[in-house]
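A quick write-up on the structure given underneath.
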Amino acid sequence: MVAMNEWIEKSKTYLWLPFTQMKDYEQHPLVIESGEGIFLTDVNGKTYYDGYSSLWLNVHGHRKKEIDDAIRAQLERIAHSTLLGAANIPAIALAEKLIEWTPSHLTRVFYSDSGAEAVEIALKIAFQYWRNIGEHKKQKFVTLTNGYHGDTVGAISVGAIDLFHTVYEPLMFTSYKAPFPLVYRHPSNDPNVVRDEALGALEALFAEHHEEIAAMIVEGMIQGAGGMHVMPKGYLKGVEQLCRQYNILFIVDEVATGFGRTGKRFAIEHEDVQPDIMTVAKGITGGYLPIAATLTTEAIYEAFYGDYTEFKTFFHGHSYTGNQLGCAAALANIQIFERERLIEQIEQKATFVAEQLASFNELNHVGDVRQLGLMCGIELVRDRRTHEPYPWTERMGYRTTLTMREKGMLTRPLGDVIVFMPPLASTFEQLGAMVAIMKEAIIETTEKRG
């Protein structure tokens, strides 16, 4: 029997953690032993609020009975069989439910295991679609500055976060980068001006290169890993209209924003956007198991349909694609959404959080508070008036989250942006408590150490 504290030493000895400098981890190790509701408990028995939904995944809290029961019931039948050439019941049932939940013109579901894989699939489908219909020139992709779509090679090729992507540049294919409509630090500070400038730049790009552009990919309404930046009203709809005008496929990445996170089932609903291809993951199983999906229109699907000798087949798939346990968890997750009318609750909770976060704008070292639904970012700066950032070497965001950990709440920063992404099932009392911890930690870290 391994003593609880021994797990920490073993983690340092054997593990290599994702997106983690292991020297940092060795100085501030953490091993989670259990979870209940919106709380996590480490091997030393300390309990924390799960302030980032275990990396933006968890919806209903840990150990949700209905999802636990659904997985157990599926285990009594079968844990996994391949989806290559043979369907399974949970995958069929989930596909039907996803088509019901998403925009009416999305009619086909292609499964994978993670958001990055769903994006890879979207890119390959878009590329091959044009070839299958005889348009061989259309091979390029357009993305937005500071965008993030995962960490596989295709996904980073349509990403634009230098810290994550620059080192891999020799592996990446070239994509066009259009400016994201970033309001914070724009000279006008006017969302409409920023929106119109960005759409104007995008149209100029399309006008010059549309004959070679296969698709444009964007995150739904808010950039996640890029710093929690919210698109100005009308921008996403404008992008859709330009894609239609210039005959470019429109891919919306709803991996982080889907399943209620922004206050709607999917972020595209904020502007009644109809993508040609949409990717989903993270909240799809309530944070339980790795299922992702890429949804397409029937027109795209039909471009791949034909005799084998036509070589239109989409030659892509992974071993655990459409796994029965994951699909069973996802079905139970969606049923809870519907039964508990969770989307309506999120809208109310988001309003409450906005009210609680309003006082952050008075703090000396908070430059901007950004929020869409229960997807929030608080940007720390050295000087609030001038928007001067902290030197990156000070790692103010990281230090603040360590202070938050001491106070009983876990999250991960994006540079100096503190992420607040609580489980959607958090109560008003729990949301208030988490916001209070964030505020205390920001004041303590920036005022006393900054």
When rounded to the nearest 0.5 Å, the distance separating CD1 of I89 from OG of S81 is 9.5 Å
Are there more than 12 heavy atoms of other residues, nucleotides or ligands under 6.0 Å from atom CZ of F352?
yes
Side chains of residues 220-227: which donor-acceptor pairs under 3.5 Å do they make with residues two or more places apart or in other chains?
{"from": "Q223", "atom 1": "NE2", "to": "T145", "atom 2": "O", "distance (Å)": "3.0"}
{"from": "Q223", "atom 1": "NE2", "to": "N146", "atom 2": "O", "distance (Å)": "3.4"}

Scan side-chain atoms only and decide if T47 and T41 contain a donor-acceptor pair under the 3.5 Å cut-off.
yes
Taking the side chain as every heavy atom from C-beta outward, state whether D24 and R395 have any pair of such atoms under 4.5 Å apart.
-> yes
Run R412 and T20 through side-chain contact (heavy atoms from CB on, under 4.5 Å) and show every step you take. CA-CA 11 Å; R412 279 176 61 89; T20 301; 3.8 Å; yes
For this session: If the plane angle is over 60° it's perpendicular, under 30° parallel, otherwise tilted; pick one for F259 and F266.
Result: perpendicular
Discussion item. Can you confirm whether D276 sits close enough to I300 that some side-chain heavy atom of one is under 4.5 Å from a side-chain heavy atom of the other?
Written reply: yes
Next on the checklist: Treating R185 as the side-chain partner and H387 as the backbone partner, does any N or O pair qualify as donor plus acceptor under 3.5 Å?
Outcome noted: yes
Subject >> Test item: side-chain donor near acceptor, T403 and T445, under 3.5 Å >> reply: yes
May I ask you to decide if the ring planes of F314 and H316 are parallel, tilted or perpendicular, using 30° and 60° as cut-offs?
parallel
Q. Counting only heavy atoms not in I78, do more than 12 fall under 6.0 Å of its CD1?
A. yes
Please step through side-chain contact (heavy atoms from CB on, under 4.5 Å) for the pair F250 and L236, ending with a clear verdict. CA-CA 11 Å; F250 186 34; L236 190 64; 3.9 Å; yes
Here the gap from Y184 atom OH to H229 atom NE2, rounded to the nearest 0.5 Å, amounts to 9.5 Å
**Prompt:** Is the Y111 to H318 ring centre distance short of 6.0 Å?
**Reply:** no
Is there a side-chain contact (heavy atoms from CB on, under 4.5 Å) between Y301 and T107? Walk through the geometry before answering. CA-CA 9 Å; Y301 170 80; T107 63; 5.6 Å; no
* Please tell me if the side chains of Y288 and N333 come closer than 4.5 Å, counting only heavy atoms from C-beta onward. => no
Q | Presence of salt bridge, R405 and D42, under 4.0 angstrom | A | no
Rounded to the nearest 0.5 angstrom, the CE-OG1 distance for M404 and T411 is 5.5 Å
Using a cut-off of 6.0 Å, state whether more than 12 heavy atoms not belonging to R339 lie near its atom CZ. yes
Please check: side-chain N/O of Y129 versus main-chain N/O of F304, any donor-acceptor pairing under 3.5 Å? no
Considering only heavy atoms from C-beta outward, does the side chain of Y390 approach that of H365 to under 4.5 Å? yes
Polar side-chain atom of Q324 near backbone of A91 as donor-acceptor pair, under 3.5 Å | no
Strictly below 4.0 Å, N to O, side chains only: are K65 and D68 in salt-bridge contact?
no
**Report entry** T446 side chain near V366 side chain, heavy-atom distance below 4.5 Å
**Finding:** no
For the pair Y49 and S426, evaluate side-chain hydrogen bond (donor to acceptor under 3.5 Å, both in side chains) and give the outcome as yes or no after the intermediate values. CA-CA 10 Å; Y49 285 102; S426 304; over 6 Å; no
Discussion item. Between T285 (side chain only) and L289 (backbone N and O only), is there a donor and an acceptor less than 3.5 Å apart?
Written reply: yes
- Task: Kindly check if the number of other-residue, nucleotide or ligand heavy atoms within 6.0 Å of CD (E429) is above 12?
- Result: no
- [ ] Please answer whether the main-chain N or O of E254 pairs with a side-chain N or O of R261 as donor and acceptor at a distance below 3.5 Å.
- [x] no
*Under 3.5 Å donor-acceptor, E219 side chain and Y148 backbone*: yes
Practice prompt. Check whether any side-chain N or O of T313 sits under 3.5 Å from a backbone N or O of F315 as a donor-acceptor pair, and report yes or no.
Written response: no
query = Is the H28 ring parallel, tilted or perpendicular to the Y398 ring (thresholds 30°, 60°)?
reply = perpendicular
- Query: Would you say F164 has more than 12 foreign heavy atoms packed within less than 6.0 Å of its CZ?
  - Reply: yes
Look only at the side chain of E394 and the backbone of P391, and say whether a donor-acceptor pair between them is shorter than 3.5 Å.
no
Distance col, row D50:CG vs L55:CG, nearest 0.5 angstrom, shows 10.0 Å
dist K264:NZ -> T257:OG1 (nearest 0.5 Å) comes out at 13.5 Å
Neighbour count above 12 (heavy atom, 6.0 Å) for E340 CD: yes
In this structure, CE of M216 is separated from CG of L249 (nearest 0.5 Å) by 13.0 Å
Any heavy-atom pair between the side chains of P232 and V183 that's under 4.5 Å? yes
task: Please answer whether the main-chain N or O of V230 pairs with a side-chain N or O of R370 as donor and acceptor at a distance below 3.5 Å.
output: no
Suppose we call two aromatic rings close when their centres sit under 6.0 Å apart. Are Y48 and F39 close by that rule? no
task = Given side-chain contact (heavy atoms from CB on, under 4.5 Å), test F420 with V353 step by step and report yes or no.
result = CA-CA 10 Å; F420 183 45; V353 168; 4.1 Å; yes
message: Looking at Y14, I'd like to know if its OH atom is crowded, meaning that more than 12 non-hydrogen atoms belonging to other residues, nucleotides or ligands lie closer than 6.0 Å.
response: no
Quick one: does Q371's side chain have a donor or acceptor within less than 3.5 Å of a partner on A350's backbone? yes
Self-check item: Side-chain touch M231/E271, heavy atoms, less than 4.5 angstrom
Solution: no
- request: Before accepting this row, confirm whether a basic side-chain N of the pair K12/E26 lies closer than 4.0 Å to the acidic partner's carboxylate O.
  value: no
